[in-house]
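Read the structure below first, then the notes.
It should be emphasised that the depicted structure is a prediction, and the values quoted were computed from it without experimental measurement. Counting convention: from 1, in listed order, for ligands and their atoms alike.
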Amino acid sequence: MSKSLHEKTRQPNRPVSIIGTGSHVPDRVLTNSELESMVETSHQWIVERTGIIERRIAAETEFTSHMAAAAARNAMENAGVTPAEIDLIIVGTITPDTVFPSTACHVQKLLGAKNAACFDVNAACSGFLYGVEIGSQFIANRSCETVLVIGADKLSSIVNWQDRNTCVLFGDGAGAAILRHRPDSNGILSTYMASDGNYSDILHMPGGGCALPINRDNIEQKLNTLQMNGRETFKQAVTSMMRASQVVLERCGLTARDIKCVIPHQANIRIIEAMADRMDVPMEKFHINLDKYGNTSAAAVAIALDEAARTGRFQRGDLILLVVFGGGLTYASSVIEW
Ligand code: ACO
């Protein structure tokens, strides 16, 4: 197979940096022990098979846009940016407040970011990193100066709470980043994005679109909830995140040894361990918070990035690797000089 365009190194004509990050998770903690009373499961099974101890669940009145706006305010404060300075808002989500308008438009209203153009990106758990790459292109080609990218999901709203195969895995939250050209940094060195629609049915929500509109029959069959082939998803997650890491490192002429901190999608500790093992990277280099939040979909890598940055996992000038995987299939990776 010939090398695709995506696999060739991209040299941005104007480097783009993440100049601030933020995150938000709901107050409500749902523990494994509580799940024991909801489905046939155990704290021990969940910890051994996933590494998850607890997750956050948004209140009925707390929507994806509310969490997204809270994370965005946090990121704007961190970056020293005002709402009026934002030219573009991109929200990666698969649980929008409404099918339309986009969640990004709802966030714009909440923030008062009146100068921004707004749209959502549907790339499941890869939504934040896809958004970072899209936003970067707008800055690199000088269409925008300041871009707000958010990964936000309220997966609790589409989880089947009677399905023990899935309901133990997910949580709610949001993470955000402000992108800008920073003259003194190389910023985002390269981002790789890929998809494989042939695997669209291993992790999906069949109902709710025009193929299976919401009606009583479809709701009774739970087609309006997330469905997953866990074993296949696990396999694809390891393979695609490995591939994404290799491609982006090669593009930059780097190896995993050059990376100070890896921030992976937070789905399952065993997926991350398998990656660490095959990449020959010590687990200590991976920033992990899935024990506290579970898999928060598009928010996961964004929350982890914010947490890692704020807790000093890396410093200005260090190289970090972000790598994600999600329904679609979609996957992506990015090497960033912090
Ligand atoms: N509690 C107790 N038992 C359970 C539970 C549970 N919560 N869930 C499943 N089981 C049972 C199964 O029914 C099965 O029983 P059986 O052998 O009698 O049939 C047994 O446990 C083993 O099931 P497996 O599917 O083989 O378990 P596995 O070790 O593969 O772990 C898991 C399952 C955790 C879902 C794993 O496959 C996984 O993490 N897959 C990837 C999930 C993922 O990453 N999803 C998100 C990707 S991106 C995005 O979110 C959008």
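Between R55 and E34 there is no salt bridge, since none of the side-chain N atoms of the basic residue sits less than 4.0 Å from a carboxylate O of the acidic one. For E54 and R28, the salt-bridge test fails: no basic side-chain N is under 4.0 Å from an acidic carboxylate O.
Hydrophobic clustering (side-chain heavy atoms under 4.5 Å, transitive across Ile, Leu, Val, Met, Phe, Trp, Tyr) groups V238 together with I288.
Protein residues are said to neighbour a ligand when one of their heavy atoms lies under 4.0 Å from it; for ligand 1 these are E40, T41, W45, R49, T50, C125, R164, N165, V168, F170, L203, M228, G230, R231, T233, F234, H265, A267, N268, R270, I271, N295, F325, G326, G327.
T95 and D153 share a side-chain donor-acceptor pair at under 3.5 Å.
With a 4.5 Å cut-off on side-chain heavy atoms, W338 and L319 do not count as touching.
Taking all atoms of both residues into account, the shortest heavy-atom contact from L110 to H66 is CD1-CD2, 3.9 Å.
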